[in-house]
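In what follows, a single structure is set out as structure tokens and then discussed.
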Amino acid sequence: MVTIILNKNKLLNKLGIDEDLLENILFNLKSEMKMLDEDNLEIEINADRLDLLSSDGISRAIKGLLERELGEAKYKVVDTDYKLIVHNVRSRPYALAAVVYNANIDLQELIQFQEKLHSTIGRKRKKVAIGIHDLNKIDTKIIEYKEIPTTYKFIPLNGNREMTIDEVIYQTEQGKLYGKLSIFDNLSPSIIQSDGQVLSIPPIINSEKSKIDERTKNFFIDVTGTSFDAVAQTLDLLVTNLAESGGIIGKVKIEYENKRVSNVEYSPLLVHKTISVNKNYIYNTLGIDKEKDICRHIMRMRMDCEEYGANIKVIVPPYRIDIINSIDIVEDVAMSIGYNNLIPSKYLISNYGNYDYTTLLERRIRELSIGANFIEIFNFVLIKESKLFDKKYIKILNPISEEYNAVRNSLIPVLLDFLSKNQHAKFPVRVFEIGDVVIKDDTTDTGYRNDKRVAYAIMDSRVSYEDIQAPIHYILSSMGITPNYIETNSDIFIEGRVANVLYKNQAIGILGEIKPEILLKFDIEYPIVMAELYVTKIMELIRV
Amino acid sequence: MLSENEIKILDFLKTVKRSNSEEIANKTGLSISSVLSLINLLAEKGYVRVEKKVEEYYALTEEGKKRKNEGLPEDILINKLNGREEEINNVKTMLGEDFNIAISWAKKKGLIDIKEGKIIPKISSHVSEEYYALFNLENANKNLIEVLERRGLVEKREKIIILVELLKEPEEITPTISNITHEILVSGEWKKYKFKKYNVAAFPPFFPISKKHYFKEFLEKVKDIMINLGFTEVNTGYVEMEFYNFDILFQPQDHPAREIHDSFSIEGMGKIDNQDLLNNVKKMHESSWKYEWKQEIALRLMLRSQSTATTARVLASKPNPPLKVFTVGKVFRPDAIDATHLIEFHQLDGLIIDDNFTFRDLLGVLREIFYRLGIREIKFKPAYFPFTEPSVEVYGYLEKLGWVEMCGAGLLRPEILNAVGIKSRAGAWGIGLERLAMSFLNINDIRLLYSNNIEYIREMKVNLW
């Protein structure tokens, strides 16, 4: 989700509608609005609808849904004598440019639009960077895109003195943020006049020379990047939105030094895509009646549409870069109809649902555990790695906090942790948890698998082995499992007071009294007896 | 109301009218301490008058007890000599540490003479008067007691005697008891007693009752709803390959959701043997998104960030439609933990594959699920998810919060269905469960769903319906 901030009254006046209607239409365009203060409106735009990141794009869409304008918005496009020569720029090989005349812009909003495009389609300027210039301040008709040494000097935007590119990278905030993205062998990409004056250093900063202000009417726009498609789409989005505010789009001649990189001759490309769709496909996918006028709905969504018998042909305008194929057309028809006007159907297919067997076993174990007077607790799966005893655990490579930097591989540390926080509770504390731990398993495709476990603990001023053995024994017996107990060694339990629980000669759990040194490690000052049973294993043994 | 023991005391006093605490204890078999408290109770109730008296008496010292057992030293001397003279040194060995006391008292009492280093007894056997007195201090004469006291064999002590006088007899004495015992019940003796009254309005002591966990119960309820709607439950592991979490779901490899801070990464690589599936997914990405799809990125391990990964595994298994499956499972996403955010939470993911399944059918299923969850008012909003088209967000109306986004859903993109070779249409959705649970359980801090405070868990009310 991307948010933009717009002046409410400007927008409402431009559209001649009230706030409620605006909110309602935006909702149906995947967007939500809320008032920030008296004047300002915050609008959340969905990540696919980048054309809505400016008030011009929003009003274009709304005019369609209000049926004031239908079909593709038609913008005036003229030739110019500007030319962009694209040299070999290794870090960001693609560049395109456009001119827009006589656009009626709100400066803040235009800068916001540029920034939002940078952060979305531009992937924080890694993929695409945009330079917007005052055309009247550009002196040459030929602009070049090329690598220049980082010792090259220019006055960066809002600066008051000449700086080298190196200085910009190391001394300015912009430089620190984006400087690393494009420098190669001490060379930096640049948009530069043929007389050598820098217009911008993509993706870092523009030059003070061509700075735009409130009075700017005529624009030169450069877009550079690592993906040709993304560069072309970004430029199309920019010029069509500026044209919606009354601007005239001017074509710039593009000359790629290396024709293998691109053979485009003019930009903006103003890409139109044609998608043919069978009308029945739309009716059937949505489940709507066949009387609906599909083309009208397409046109309300500001696309052009022609009918050919059972098919329609949709001409997707350059600002709708989200439309990929016919299923996207289906969604636009649904949006035009309004999701809430599509009556939900009574869909039923006659079959029975089935629980996962593990869910059923888990439920039985929970009931018996309550019967044995253990209260159920529910803890996180993520845990601090130092709390785990078995050192074969999953470490998270990018943890958000030290407290949760591993995945639990046993419930015993989880319960000890819980008890350590409840030493001042009324005694006895008898708890159990059933849940998944993750253990290594080379037979699975990820090399790990979830293992369902259930663990029990009793903390009291005095507890002993039988206090835990007895309830476990009768819980298992109630499930038809007669366990055996065999003495074992353990790092966690006291020697001579710990047993493996066996069934059909296989270990299905462990129980005993916790060692004092373990209690102290968890800052626990009372004795604890515990058991852990391996539910997944039990499941395997009883379902044969 | 008189207790069983109070009645015992009154019964005894009826015969003697006056007595004291010691005597009462002796006669009734009650301990002196319970007698003292019982007669005070009887005095409060007006049955007896109690008077306190301090009495002096003599008691044996440790030394006195010893002499009572062994005899007085001078008597032992006389009896050992048995009328014969004996060298002083021999007598010393005979008597050990008692020698000096024995000689001095024997001389004082004129029982021996000492001449030329020899002790000459005047009689052959002797028992002193004081010795008899040790056995009967109460009746011993004053002189003797004084001697004993001087010799350190007795000492003076004080005791408090409580004198009790019966003032009135209870009109009707029906004894009471606290508990029915097996013995009282089978002997029929219970008929003689009344039951002692309790303060029944007082609150009881702490009683630890065990119950199922409130949030877990909510998750189980969600499963029940899905089963009742004819869905089959499926589950997969927390550790997942990016392939199932993202790639197969049409999420491009440079999608922002795949950046390092948006999911938890794990060391290692998964493996996928189905080469066709890998090729199809590669083709789907490269033709739609125009970039070079890398298998090694797809095989990277992570903690699943959406339970749609489970749905994706079902899809990859090439199931036979019609199919309705669901999963309720945990997902993991890096985030700042606070009252509304956790880094692990649950989702309900559902999948329907059916030839004629429509978008309106999907809306119908969602409406039904929410209705059964208790959300009666919903609305649909167009949305964007990489793997569905059309996509929809479901907003539900909650009393306290108003309209809340609750679910993302849509028809699976044809690109995905083509890649896994499914010819029918399919609908899928994911519902975050924590926020719903908070609303139903009246919890305003998401962390309380996983409270580590046992008292909070103990006090949590059980949802009745």
Side-chain angles (χ1 to χ4, degrees), chain A residues 27-28 30 46-48 123 229 284-287 324 327-328 330-331 334-335 339-340 342-347 349 351-356 359 366 370 373-382 394 396-398 400 404 407 418 421-422 425-426 428-431 438 445-450, chain B residues 206 208 210-213 215-216 223 226-235 237-241 254 260 264-268 270-272 288 290 301 322 330 334 343-344 354 358-361 363-365 367 379-384 389-390 392 411 413-414 425 450 452 454-455 457-458:
Chain A
F27 187 84
N28 288 307
K30 312 185 178 182
N46 223 312
D48 61 334
R123 301 267 190 275
D229 285 340
N284 293 340
T285 304
L286 293 176
I324 301 172
I327 193 68
D328 301 293
V330 175
E331 186 183 72
M335 284 170 67
Y339 277 19
N340 294 294
L342 292 170
I343 311 299
S345 71
K346 289 208 189 311
Y347 170 81
I349 49 177
N351 61 350
Y352 294 99
N354 286 304
Y355 291 97
D356 190 350
T359 293
R366 289 173 67 222
I370 303 297
N373 201 11
F374 289 92
I375 190 165
E376 186 171 29
I377 60 173
F378 198 17
N379 289 291
F380 296 127
V381 168
L382 301 180
I394 297 174
I396 294 173
L397 296 179
N398 54 335
I400 199 100
Y404 306 106
V407 184
F418 182 93
K421 295 181 177 109
N422 286 283
K426 293 190 217 81
V429 178
R430 298 170 62 98
V431 294
V438 179
D445 58 2
T446 58
Y448 297 95
R449 71 174 169 81
N450 281 29
Chain B
F206 171 60
S210 290
K211 49 194 172 190
K212 295 178 183 174
H213 194 274
F215 183 37
K216 196 110 189 189
K223 288 184 189 176
M226 297 309 291
I227 299 288
N228 284 332
L229 285 171
F231 287 80
T232 292
E233 184 184 5
V234 289
N235 283 305
Y238 297 150
V239 175
E240 193 48 281
M241 283 176 251
D254 71 342
I260 190 79
F264 287 120
S265 334
I266 286 167
E267 208 163 292
K271 53 176 190 289
I272 292 175
S288 298
K290 311 265 188 311
L301 295 182
K330 200 160 235 186
I343 54 179
E344 46 180 278
D354 196 355
T358 70
F359 189 59
R360 274 184 57 221
D361 292 337
L363 300 184
V365 170
R367 185 185 59 176
K379 63 182 179 185
F380 300 110
K381 179 187 167 186
Y384 170 68
E389 191 81 10
V392 56
L411 296 181
R413 292 196 71 98
R425 267 196 298 273
Y450 302 90
N452 53 29
I454 187 84
E455 301 294 10
I457 298 169
R458 280 171 173 163

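We name chains A, B, ... by the order of the sequence lines, and we start the count at 1 in each one.
Contact of A/Y355 with chain B is made through backbone and side chain together, with heavy-atom distances under 4.5 Å. In this structure, chain B has heavy atoms under 4.5 Å from both the backbone and the side chain of A/D328. Both the backbone and the side chain of A/K426 come within contact range of chain B, judged by heavy atoms closer than 4.5 Å. Heavy atoms closer than 4.5 Å to chain B are found in the side chain of A/V438, but not in its backbone. Contact of B/L301 with chain A is made through the side chain alone, with heavy-atom distances under 4.5 Å. Proximity to chain B involves both the backbone and the side chain of A/D356, based on heavy atoms less than 4.5 angstrom apart. Proximity to chain B (any heavy atom under 4.5 Å) is restricted, for A/I394, to the side chain, taken from C-beta onward. Neither the backbone nor the side chain of B/I272 comes within contact range of chain A; no heavy atom of the residue lies under 4.5 Å from a heavy atom of that chain. Proximity to chain A is limited to the side chain of B/F206, based on heavy atoms less than 4.5 angstrom apart.
When A/I324, A/V431, A/N28, A/N340 are compared by the number of non-hydrogen pairs under 4.5 Å with chain B, A/N340 comes out ahead. Per-residue heavy-atom pair counts under 4.5 Å with chain B were compared for A/T285, A/N46, A/V429, and the maximum is reached by A/T285. Among A/D229, A/L382, A/V407, the residue with the largest count of heavy-atom pairs under 4.5 Å with chain B is A/L382. The candidate with the highest count of non-hydrogen atom pairs below 4.5 Å against chain A, out of B/K271, B/M241, B/E344, is B/E344. Per-residue counts of heavy-atom pairs under 4.5 Å with chain A were compared for B/I454, B/L363, B/V365; the largest is that of B/I454. With chain B as the partner, the residue from A/I396, A/V330, A/N422 showing the most heavy-atom pairs under 4.5 Å is A/N422. Listed options A/I370, A/N284, A/L286 were ranked by heavy-atom pairs under 4.5 angstrom with chain B; first place goes to A/L286. With chain A as the partner, the residue from B/E455, B/R425, B/K290 showing the most heavy-atom pairs under 4.5 Å is B/R425. Ranked by heavy-atom pairs under 4.5 Å with chain A, the first of B/G270, B/G364, B/P382, B/P390 is B/P382. Heavy-atom pairs under 4.5 Å with chain A were tallied for B/S288, B/G268, B/P414; the largest tally goes to B/P414.
For B/K379, the NZ atom sits in a packed shell: over 12 heavy atoms of surrounding residues, nucleotides or ligands are nearer than 6.0 Å.
Cation-pi check for B/K212 over A/F378 is not met; the charged atom does not lie both under 6.0 angstrom from the ring centroid and within 45 degrees of its normal.
Put simply, the side chain of B/R360 never gets that close to the backbone of A/L342: no donor and acceptor are under 3.5 Å apart. A distance-only check finds no donor-acceptor pair linking the side chain of B/E233 to the backbone of B/I227 [under 3.5 Å]. Judged purely by atom type and a 3.5 angstrom limit, A/R123 uses its side chain to pair as donor or acceptor with the backbone of B/D254.
Aromatic ring orientation, A/F380 versus B/Y450: tilted (interplanar angle from 30° to 60°).
Atoms CZ and CD1, on B/F215 and A/I377 in that order, are 15.0 Å from each other to the nearest 0.5 Å. We find the CE-CZ distance between A/M335 and B/F380 to be 15.5 Å, quoted to the nearest 0.5 Å. In this structure, CZ on B/R458 lies 10.0 Å from NZ on B/K211, to the nearest 0.5 angstrom.
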Requested in this report: Report the C-alpha distance between A/E376 and B/S210 in whole Å, list the side-chain angles of each, state the deciding distance to 0.1 Å, and finish with yes or no for side chain to side chain donor-acceptor pair (under 3.5 Å).
Outcome: CA-CA 7 Å; A/E376 186 171 29; B/S210 290; over 6 Å; no

Requested in this report: Begin from the C-alpha positions of A/E331 and B/R413 and carry the test salt bridge (charged side-chain N to carboxylate O under 4.0 Å, His left out) through to its verdict.
Outcome: CA-CA 11 Å; A/E331 186 183 72; B/R413 292 196 71 98; over 6 Å; no

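Checked by atom type, the side-chain pair B/E240/A/T446 shows no donor-acceptor distance below 3.5 Å.
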